[in-house]
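Inspection log for the structure reproduced underneath, given as structure tokens.
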Amino acid sequence: MRTTIQKWGNSLSVRLPKAVTEKVGLKESDSIEIEVHDNKVVLLPLTVKEYALKELLKGVTKRNLHKETDFGGPVGREIL
């Protein structure tokens, strides 16, 4: 598939054809990473990793668990 590089402000831009964006699942406002490998421009879709609390808590051990910190009593209009 061919396309043309065009000027957009002070930058150059490339329009991604609908068929390409649908194939890789890109939507408007998605973020991508631009890299150069062997003199080739590579666009990589960025995915937001979903974390589950259960999975995150698996990394907590007695060794890396910190103690409670006392910041003192209320100062102002905090609701306790």
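Only this structure's heavy atoms are used, side chains among them; waters, hydrogens and symmetry mates stay out.
Note that CG of L43 and CD1 of I32 are 4.5 Å apart. Values are rounded to the nearest 0.5 Å. The distance from the CG atom of L46 to the CG atom of L44 is 7.5 Å, given to the nearest 0.5 Å.
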Side-chain donor-acceptor pairs of residues 63-75 under 3.5 Å, sequence neighbours excluded:
from : atom 1 : to  : atom 2 : distance (Å)
N64  : OD1    : T61 : N      : 2.8
N64  : OD1    : T61 : OG1    : 3.4
N64  : ND2    : G59 : O      : 2.9
D70  : OD1    : G72 : N      : 2.8

Just distance, no hydrogens or angles: give the donor-acceptor pairs under 3.5 Å from side chains in residues 1-22, sequence neighbours left out.
from : atom 1 : to  : atom 2 : distance (Å)
S13  : OG     : Q6  : O      : 3.4
T21  : OG1    : K18 : O      : 2.9

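Listed by chain and number, the residues in a salt bridge (Lys or Arg N to Asp or Glu O under 4.0 Å) with K62 amount to none (sequence neighbours excluded).
Using a 4.5 Å cut-off on side-chain heavy atoms (C-beta onward), V36 and V42 make no contact.
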